[in-house]
Amino acid sequence: MIFKKSIKHVLAPQTKFYDSMSADWRPFVMFHHFSNIRSKYCNTDIFGLRFNNFEENNNNCTSIFDEKIVENKKKAVLVGNSGPFGEGATSDQKTVSSYLSKFSDYHFFNLCGRGFSGYQEIVHFLLLVKRIKNLERIVIVSGVIDSFLPYYVKDYDDNLVPTLGHDLFLKAMRSSARGWKNKIFKIIFGKVLDEGINWDRINSLNWKQEFFKKKNNFKNKEKNLDPDQNLRDITDRNMMIWSTIAKGMGVKIDFVLQPVGSWCQKKLSIEEEKIFKEENKSKMQKIYKYVDRQKYILFKNILKNCAEKYGISFLDCNEIFNNKRYDKEWIFLSRFHISDIGSKYMAEALVENLSL
């Protein structure tokens, strides 16, 4: 029983590869894919970005920005998280960006990052955009990560935005940044002094003031955060930044709310039913509980209002997949990721609805 195979891995063997992919920790974006991954399922370039068709380019280029572009194709970028990145795709050619490059008038560069929040997507774009000349279109396919982070991460700074790996980052940084004297202070006095002391602040010059200062009301500030309001603030700020970028660059921008298994109302395929049932018993359930229909309705209204406020076109892929034509189709490999055929259908819908 210990070695029982996951139902998802049996039905979609390639997902075992993606589940084994670890994070490469990097400045500004926090984490990313490793560079120069080579497999039959996924290939990344020197920046950790995914190729649209590595086999076609073979060893002639080291970066996606050197990919062959069909003559007369305009340039566009796909921005987002693991869904549009192509997590679960059987090959690079079966991703949304690859299909979009085939079906549309644009060549799409895949700038998506697994686990990225909306703000990480912005930072990632800014780090890379200088490498694309004559960019004409930005298509953002995102939403699900931001929809649960303010509820899942409990101690974030409300002026910043929570990220996946938030606790791991803080723990590592606090441990590495504290000097030996600080650590000795905590070992000696940590068990007898007030729990509210911030040991990161203490040094050989200020320890008396920190130990004996008057108590304040900031100790449990994080417990008073309103995740619904934080979700509104995060969304408004991200949309404002994207609008500013698009206007400054003179490019068209679209925001697409990505399809999510617990947000769509299509009739599930046999495979989806089995996978979702297995997920209900997995560790991911602690995240999935924050990604339900109620959250979908709340978040969709927030996105639509912000998109209208900042002049960004908005499209909801969940509404598209609610169409009866997709009933019983195997669209989802997990609640957050779509199959090869799901990526194809999604690309076709984007071409039609966004006039690509």
Side-chain angles (χ1 to χ4, degrees), residues 8 15 18-19 23 30-31 80-85 87-88 112-122 140-170 220-239 255-266 268 272-273 275-307 314 316-319 321-322 331-338:
K8 183 179 71 171
T15 59
Y18 291 95
D19 288 345
M30 299 286 290
F31 50 80
N81 49 50
S82 59
F85 165 79
E87 174 129 353
C112 302
R114 300 169 77 233
F116 275 7
S117 68
Y119 193 72
Q120 285 171 294
E121 292 165 2
I122 292 170
I140 307 160
V141 178
S142 185
V144 71
I145 304 295
D146 280 346
S147 77
F148 70 78
L149 278 178
Y151 306 82
Y152 178 66
V153 179
K154 303 300 183 183
D155 62 348
Y156 57 87
D157 180 336
D158 59 353
N159 188 49
L160 303 176
V161 291
T163 64
L164 291 174
H166 180 84
D167 294 340
L168 180 63
F169 170 75
L170 290 182
N220 294 320
K221 181 182 177 183
E222 68 273 6
K223 295 183 179 179
N224 298 320
L225 291 172
D226 179 354
D228 285 356
Q229 185 57 48
N230 188 253
L231 181 59
R232 293 186 181 92
D233 293 341
I234 288 172
T235 305
D236 187 87
R237 180 160 59 180
N238 289 351
M239 287 289 196
F255 188 98
V256 180
L257 181 57
Q258 67 191 104
V260 176
S262 47
W263 290 351
C264 286
Q265 293 185 305
K266 79 176 196 69
L268 300 179
E272 289 169 334
E273 287 180 350
I275 291 172
F276 289 3
K277 184 177 180 180
E278 180 179 61
E279 286 186 325
N280 289 338
K281 301 176 183 178
S282 72
K283 294 180 180 179
M284 286 294 291
Q285 185 57 30
K286 61 185 179 181
I287 289 177
Y288 290 145
K289 68 180 181 180
Y290 298 115
V291 190
D292 55 13
R293 283 286 299 179
Q294 184 177 355
K295 175 65 63 58
Y296 164 67
I297 294 170
L298 169 68
F299 191 36
K300 179 180 177 179
N301 287 332
I302 293 173
L303 284 168
K304 287 180 68 176
N305 291 336
C306 288
F314 175 78
D316 179 11
C317 263
N318 296 279
E319 289 185 355
F321 284 144
N322 283 342
I331 301 293
F332 294 99
L333 294 174
S334 74
R335 281 180 170 80
F336 292 171
H337 306 123
I338 55 180

Original post:
Given the rule in the side-chain contact (heavy atoms from CB on, under 4.5 Å) test, do C264 and N322 qualify, once you have shown the distances and angles that lead to the verdict?
Top reply: CA-CA 6 Å; C264 286; N322 283 342; 3.9 Å; yes

If you take all heavy atoms of [X] and [Y], which pair is closest and at what distance?
X    : Y    : answer
I234 : P150 : CD1-CG, 3.9 Å
C112 : N81  : CB-O, 3.5 Å
F31  : L164 : CE2-O, 3.2 Å

Subject >> Modelled atom types, side-chain donor and acceptor of R335 and N280, under 3.5 Å >> reply: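 Looking only at side-chain atoms, N280 and R335 do form a donor-acceptor pair, the distance falling under 3.5 Å.
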
**OP:** Consider only side-chain N and O atoms of S142 and E121, and report whether a donor and an acceptor are under 3.5 Å apart.
**Re:**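 The answer is yes; a qualifying pair exists.
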
**OP:** Give the intermediate values and the outcome of side-chain contact (heavy atoms from CB on, under 4.5 Å) for residues L268 and F276.
**Re:** CA-CA 10 Å; L268 300 179; F276 289 3; 3.8 Å; yes

**OP:** Scan V256, V141, I338 and name whichever one has a side-chain contact (heavy atoms from CB on, under 4.5 Å) with P84.
**Re:** V141

**OP:** Test T235 against every option in N230, I302, D146 by the side-chain contact (heavy atoms from CB on, under 4.5 Å) rule and name the one that passes.
**Re:** I302

**OP:** Determine whether more than 12 heavy atoms belonging to other residues, nucleotides or ligands lie under 6.0 Å from atom CD of Q294.
**Re:**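 Not more than 12 within 6.0 Å, no.
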
**OP:** Show your reasoning for whether side-chain contact (heavy atoms from CB on, under 4.5 Å) applies to F255 and C306.
**Re:** CA-CA 11 Å; F255 188 98; C306 288; over 6 Å; no

Original post:
Can we call the ring centroids of F148 and Y288 under 6.0 Å apart?
Top reply: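 Aromatic pair excluded; centres sit 6.0 Å or further apart.
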
Subject >> Sidechain-backbone polar pair: K295 side chain, Y290 backbone, donor-acceptor under 3.5 Å >> reply: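 Such a contact is found between K295 side chain and Y290 backbone.
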
